[in-house]
Structures are given as structure tokens and as C-alpha cells.
Amino acid sequence: MFDRLEFRQLLSRFPPPDQVPVQPSLTFEAVPQPAGLKVVEDAAEAVSLLAGAKDVGVFTFSEGVGRGSTVLGVGVATEQDTFYVAKQDAMDAIATTLSDRPISGHDAKETELALRALGGGRRDWAFSTFLAAYLLGAGSRDPRLEDLAKEFLDVSLVSTEQLLGTGRKARKPADVSISEAAEFAARRAEAIVHLRPRLEAEMRNLGVDYLFHEIELPLAGVLADMESEGVAIDVPYLKEMQDELGEQMVAIEAEVEQVAGQKFNLNAPQQLAKVLFEDLRLPVGRRTKTGYSTDADTLETLREKHPIVGLILEHRQLSKLKSTYVDALPQLVDPLSGRVHTSFGQASTATGRLSSSNPNLMNIPIRTELGQRIRRAFKASRPGHVMVSADYSQIELRIAAHLSGDPKLLGAFAAGQDIHTATAAAVFRIPIETVDPNQRRLAKVANFGSIYGQGEYGLSQQLGITGDVAREFLAQYWSTYAHLKEYLDKVRRQAREEGFVVSETGRRRAIPDLRSPNFQLRSAAERMAINFPMQSLAADIIKIAMVRLQREIEADNIEGRMLLQVHDELLFEVPESEVDQFAEKVPRIMTGAFELATGIEVETKVGPNWADMRKLAVVRA
DNA sequence: TGTATCACG
DNA sequence: ACGTACGTGATACAT
């Protein structure tokens, strides 16, 4: 998103909010000349070098990433010393000694996992250059330590690419000499210690210090816990499904060959487009950069025109779900734990949401019958345990009501009404009891569209109605929620003036295209600006809840564990004996995480797996 | 490496 | 007249 993170430039796009005092000048003492770098072999000596240090910076040098990595050495820096430890007993001693004191690192979650692998316990983190840079830059790319050191310290660190090389000349971390590894890791630890006061000042200046200390930094440890915990999947069950789906796909492929009169690769959009639009002469819909679009929306409009279309849509679904989940998940089971361990991205989104990768457990299917079958594979595996889930109801629309103060929207939430039904009643001016399912569907699409900045055309496409009908519907919608409209217009206007947006918690997003002369780019930027305050506050509310929940779970010394977060949902694996405790704890903390004018509603469920769950309670507070 | 597609909130 | 809903990550294909 941002070309080679130009932090100074970025910061200039982020003037501080009025209520935060502007520091007259952010100047710092010069970075001390690099001190002599020691390679320490003796465990007792390594530990003694930590005595009396105010801050300890740590950079672990590992083979592999995340949980499964092997730590090859640890770079450590204090105000006095910079050293590197590569001998196992000395690394273990360092990790243990650092267990009971806050330390500074680059990526706190990754370093935490590495230190735990060395036998260190949980710790509180004092600082993370990675998370600070994320909050300062609000970019969507992973902030790199060498860029920060260059920008804020004018120090050139050896980059990972320089150390290991790229392409076929690349070498493994294990093949790096001790002295090179020491220079790499210890200088990084040193840079972390030197960066800390500078980045802390920048964060205070920008008003993101609350977010940093109260949310992101403690969350890093929670995410490390969740990644370590993992989630069990039923591998034999998925293997069975693999065969079944494979057979179904082969059958459909044969049918398609019959109907089309030729054999081709159904997964290749270009081949498919040729068959549909040239050979079978079906009416062309949307176009892409490279040719005819064959996406599901387009194919759906052709369903009645030719029997091949339905077959292709079915094959698409099977192929997607089989390759992405049924085939992939069993291969990602960790042989040691027997579970899958995702990686949560804590600094990879522009809105403050988390992301999940390797595997992505935030997009496990749920909407279709086949999707439900896949979700069923995620199960409570420990004896006597069950899954408990808790999700926020309509959190973004509640936030929209809260931020806009729209009386109609607030009133509907206050009355405990189904928000889409209430919207339909108001827009169609009919009694709420008489709203039919189609009217509710229209209202639901409009409600979601409004928080994404959707316009008339988008709505008409989404609903399959004409532009005229969409215009009339939207006119009624916006006259119903006139205050919401006013609020969204204000966000758009202010964003355009300032070039960035700020959330309730102080989270920021720079959107340079807000000033683009190009209508299309500018419009897209405005939609991002409109959505940001709602999506990002929702992200922060659940993050606050996660931090508080994990603290309470630890303090109460109970067995149940937080496993996953999926934007507005938390998933736990708990002993049956603790279900009542979680059913009280989880909604209390989730609803108490932030005060919204609408109140917050949380629904809890329990069951043997992630698909078959019965409702426990709906808690409003 | 880029594009199209589609899984989720 | 423009083009058309926000935020992600994984897969397969084509280059």
C-alpha cells in the first residue's frame, strides 16, 4: 500500500487530534555509537548481563516462522550491553530469566512464541516496534524493523535478504555463521531499545498510545496463546469427504463434456468463457480486464439459458470447498499437537481487524449445506470438552447508531427489535408485524450497503431490481435514517478535507486517494473512509474483550481455552463442567468492553463441534 | 507474478 | 459521463 514505508511522510498526513497536546518538537539525543558486540556462551554470564537493566530488547534468530520454528540464537540489548547467545543452555537461561519481566521486541507475538519454545513462560511485553509502527503508519503491509531503524535512527541494519540471499542463492538460517548471526540479531535488539523512546513519543503525539498499551500490546500475548492452543479437526471425516466430493466432481465433469460437446478445464476461466460465450453463444454479461467474466453472479443470470450453467456452478462450489478446505486442512495438522494452528496477523489490515493464515480459519464455510459439513470437522477433541461460541449481534449497525446518534436506529435497538425488520417497517411505512420476508431482505441489504457506502447502482445490482426502484427505495431509506445519512456525509466531507480518518479509539487510516482527481479512485477512497469508523471500532471492541477475557481465564485458573476469533465471534474449547462459568463470563466481558448508546448484545452457543451448536443465551447490556 | 474467483465477517 | 459495497487469504491458471 505504501511504497517502502515513508514514515515521516505518513506522519505528516496524520496531524494529531485536538485533544492531544502537540509536543513542540520530536527531537532526540543522537543514537549512541554502536557498542562492542559480544557473543556470550556462558549461561551465568548471559544472565548477569541483564541485571539492573531498565529495558531489555530481544530479537530471536530462527529457522522457520511462528510456532514451529527453531531458535538458533537470541540477540539481546540493554542500555549497557549488546550481545548474542547461541548455546542452548544459555538461550534457555535467558528465556527463563526474561519470563518475569517486561521486555521489548519487534514482533511481540513471534518473539513470545520463540521464547516459549526455549522454555520461557508467559510475560508482559513492554514494547513492540512492529505494533508501534502499525499504529503510526496504519499501512496494511508488515512494518519492517530495518525500515524503522533507517527512518528513525538513521541506522542501517542488515536485512534478512542481505543475510540469507534470495532466489536459488538463498541459504538457510542454520548455515549462517555465529558472527554473522550475532551482527544480525544483536544489532536488531539494539535498534529496538533505541527505537522505543522515539516511537513512544510519536505514538503519544498521535494519540495512539492508548491503543498500543491497552489493546495491541497485551493482545499479542493472547494471540500467541491462541496460536499455541490450536484447534482439533476430524481428519478421517475429511478424508471420507475428499473421496465423495472427488467422485461428484468427476460425474459433473462427464456431464459437462456431454452437454458442451467438448472436454475442457472447468477451473480455467478463459477456457470456460470460450465455451460459454463463443461456442455456446450465451449472452455476454460483465467483462474483466482479460475477457468475459464467468463469476457466480454472471453465471446465475444465465442459469435458465443452458443446462451447462447449473453444472458449472455446482462444480465451482465443490472444487472451491474441496481444494481450499477438505484437501488442505488435513495436511496442516501439526503432528505433535494433532491440531491445526493458524497464524493471526496483528498488523496486516487497514482497519485494525485481525487476519488469519496458514490456514486461514476466519473463512471456514458456513453458508451452504456442504459448508456446514466442512465446519463440522472442527471439534472439541479433549475428553469431556465442548465448543462454546459467542458472537456480537449486529455490532457494526449498533456502532453506526452510536456514532450517528440516529434516533430511529437507536430506537429500534432500544426496543430490542430485529433491526432489519424494524428498518423494513419504517422504510415501507407499515406495521412491524406485517413485514414480509422479502421486505426484510431488502432492508437487510440496504442496512449493510449503508455501512459500506453503497450507492444506488450497487443496491439495484445486489437486489436484482431496476435503478428506478432502487432510487425510490433509497430515498425512503435515507429519509428514515436522516441522521445516519448526515453522519456518513460528515465523515466523507471531513475525510476529504483531511486525507485520513480517525476512529473513536484513536486508530487512524490514511487514504491518499481521497484527494485524487480521478472520480473512480476518489469514490473508492470515500467508501473506505465511511466504512472505517464502524469496522475499526468493532475490531477494537472485540480486542478489548479478548484481553480482559484471557486475564480472567488465567486468574481463575480454569481449563477452558480461547481458540479463535472471527471478527465478531470468539470460539472456546471448554470442559463441560465449565460451560456455566463461560456462559456467564464471556458475555459479561464482551458486552462490557465498550459503552455503546445501543447497548451490546452477545449470543452464546454450545456444542460438540463448530457446526452443531445450540443456543445458550442472548445477553444484552 | 498477476488475475479471477470465492470462502468468511 | 464516470463506475458502481468494506475488510481479508487461498486456490488455480496463465504468463
Side-chain angles (χ1 to χ4, degrees), chain A residues 1 140 264-273 286-299 312-313 315-329 331-332 342-345 348-368 370-372 374-375 391-397 400 445-463 467 470 488 501 509 511 516-536 538-539 542 564-570 610:
Chain A
M1 174 148 200
S140 62
F264 66 99
N265 186 349
L266 286 179
N267 288 323
Q270 290 183 27
Q271 292 181 42
L272 178 61
R286 279 209 342 272
R287 289 168 169 280
T288 65
K289 272 182 200 171
T290 53
Y292 309 116
S293 172
T294 68
D295 69 14
D297 274 354
T298 306
L299 292 184
I312 289 162
L313 282 164
H315 189 272
R316 274 264 176 85
Q317 196 205 12
L318 290 170
S319 155
K320 179 83 177 183
L321 297 185
K322 182 169 184 287
S323 67
T324 310
Y325 307 101
V326 180
D327 295 344
L329 285 170
Q331 299 187 282
L332 290 163
T342 189
S343 296
F344 289 107
S348 66
T349 72
T351 56
R353 274 187 171 187
L354 299 177
S355 67
S356 163
S357 57
N358 297 306
N360 181 356
L361 296 185
M362 285 180 162
N363 70 348
I364 298 305
I366 189 173
R367 291 172 190 174
T368 64
L370 178 57
Q372 291 273 354
I374 291 170
R375 184 165 280 230
D391 64 276
Y392 285 111
S393 319
Q394 308 297 354
I395 186 80
E396 288 191 15
L397 277 172
V445 170
N447 278 335
F448 282 113
S450 76
I451 59 181
Y452 298 145
Q454 185 182 48
E456 206 172 283
Y457 179 88
L459 187 79
S460 69
Q461 287 298 298
Q462 184 78 26
L463 290 171
L488 297 175
V501 257
R509 178 174 184 182
I511 311 177
S516 170
N518 178 318
F519 175 88
Q520 197 184 332
L521 288 178
R522 195 173 65 246
S523 302
E526 286 172 3
R527 292 193 296 272
M528 295 174 203
I530 280 181
N531 179 254
F532 177 83
M534 296 174 272
Q535 186 174 126
S536 83
I542 195 167
L564 295 178
Q565 187 248 51
V566 189
H567 308 308
D568 63 357
E569 173 186 11
L570 294 175
W610 204 4

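Note on naming: letters A, B, ... go to the chains in the order of the sequence lines (proteins, then strands), and numbering restarts at 1 for each one.
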Requested in this report: Carefully, step by step, assess Q535(A) and T349(A) under the rule side chain to side chain contact (heavy atoms under 4.5 Å, CB included).
Outcome: CA-CA 11 Å; Q535(A) 186 174 126; T349(A) 72; over 6 Å; no
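- Note on G458(A): only backbone sugar-phosphate atoms sit closer than 4.0 angstrom, heavy atoms only; bases stay farther off.
- With rounding to whole Å, L459(A) atom CG is found 16 Å from dG3(C) atom C1'.
- In this structure, the CD atom of Q535(A) is 17 Å from the P atom of dC8(B), given to the nearest Å.
- One interatomic measurement links the two molecules: CZ of F448(A) to P of dC8(B), which rounds to 14 Å at whole-angstrom precision.
- Straight-line distance from the CD1 atom of I312(A) to the C1' atom of dA4(B): 15 Å, rounded to whole Å.
- On the C1' atoms, dG3(C) is 26 Å away from dA7(B), given to the nearest whole Å.
- Distances were taken from every side-chain heavy atom of Q520(A) (C-beta onward) to each of dG3(C), dA5(C), dA4(B); the shortest belongs to dG3(C).
- Not one side-chain nitrogen or oxygen of R353(A) sits closer than 4.0 Å to the OP1 or OP2 atom of dG7(C).
- Note: NZ (K289(A)) to P (dT5(B)) measures 12 Å, nearest angstrom.
- Remark: D295(A) engages R286(A), S293(A), D297(A), T298(A) in a side-chain contact (heavy atoms from CB on, under 4.5 Å) (not counting sequence neighbours).
- For the C1' atom pair drawn from dA1(C) and dC6(B), the interatomic distance equals 32 Å after rounding to whole Å.
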Query - Stepwise side chain to side chain contact (heavy atoms under 4.5 Å, CB included) check, H315(A) with N267(A) - result: CA-CA 9 Å; H315(A) 189 272; N267(A) 288 323; 4.2 Å; yes
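- With contacts defined as side-chain heavy-atom distances shorter than 4.5 Å, the pair M534(A)/L488(A) qualifies.
- For the pair D297(A) CG and dC6(B) C1', the computed distance is 11 Å after rounding to whole Å.
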Query - Stepwise side chain to side chain contact (heavy atoms under 4.5 Å, CB included) check, K320(A) with L370(A) - result: CA-CA 11 Å; K320(A) 179 83 177 183; L370(A) 178 57; over 6 Å; no
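- Taking atom CD on E526(A) and atom P on dG7(C), their separation rounds to 13 Å, with Å as the unit.
- Among residues two or more places apart in sequence or in another chain, the salt bridge (charged side-chain N to carboxylate O under 4.0 Å, His left out) test is passed with R527(A) by none.
- With a cut-off of 3.5 Å on both Watson-Crick or G-U wobble distances, the partner of dA1(C) is given as none.
- You cannot call F519(A) stacked on the base of dC2(C); the centres under 5.5 Å and planes under 30° rule is not satisfied.
- Nearest heavy atom pair, residue A525(A) against residue I511(A), reads CB-CG2, 3.5 Å.
- In this structure, the nucleotide among dT5(B), dA5(C), dT3(B) sitting nearest to the side chain of T294(A) is dT5(B).
- For dG7(C), one of the phosphate oxygens OP1 or OP2 lies less than 4.0 angstrom from a side-chain nitrogen or oxygen of R509(A).
- Between the C1' atoms of dA5(C) and dC8(B), the separation comes to 16 Å (whole Å).
- Within the 4.0 angstrom heavy-atom criterion, no nucleotide atom of any strand lies near I530(A).
- A donor-acceptor pair is defined here as one N or O able to donate and one able to accept, closer than 3.5 Å; no such pair exists between the side chain of S356(A) and the backbone of F344(A).
- Within 4.0 Å of I366(A), counting heavy atoms only, lie sugar-phosphate atoms of the nucleic acid but no base atom.
- Listed pair R367(A) / dC8(B) meets the phosphate criterion, a side-chain N or O lying under 4.0 Å from OP1 or OP2.
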Query - Sugar-phosphate or base contact per nucleotide [nucleotides 9-15 of chain C; S, B, -; heavy atom under 4.0 Å] - result: SBSSSS-
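- Heavy atoms of A296(A) sit under 4.0 angstrom from primed sugar atoms or phosphate atoms, though from no base atom.
- Side-chain atoms of Q462(A) lie closest to dA5(C) of the nucleotides dC6(C), dA5(C), dA4(B).
- Here the side chain of Y452(A) is nearest to one of dT5(B), dG7(C), dC6(C), namely dC6(C).
- Using a 4.0 Å cut-off, no side-chain N or O of R375(A) falls inside it from OP1 or OP2 of dC8(B).
- Residue contacts for I451(A): at a heavy-atom cut-off of 4.0 Å it reaches no nucleic acid atom on any strand shown.
- Contact between L272(A) and F264(A) at its shortest, heavy atoms only, is CD1-CE1, 3.8 Å.
- Separating the CG atom of L313(A) from the P atom of dC6(B) is a distance of 8 Å, rounded to the nearest angstrom.
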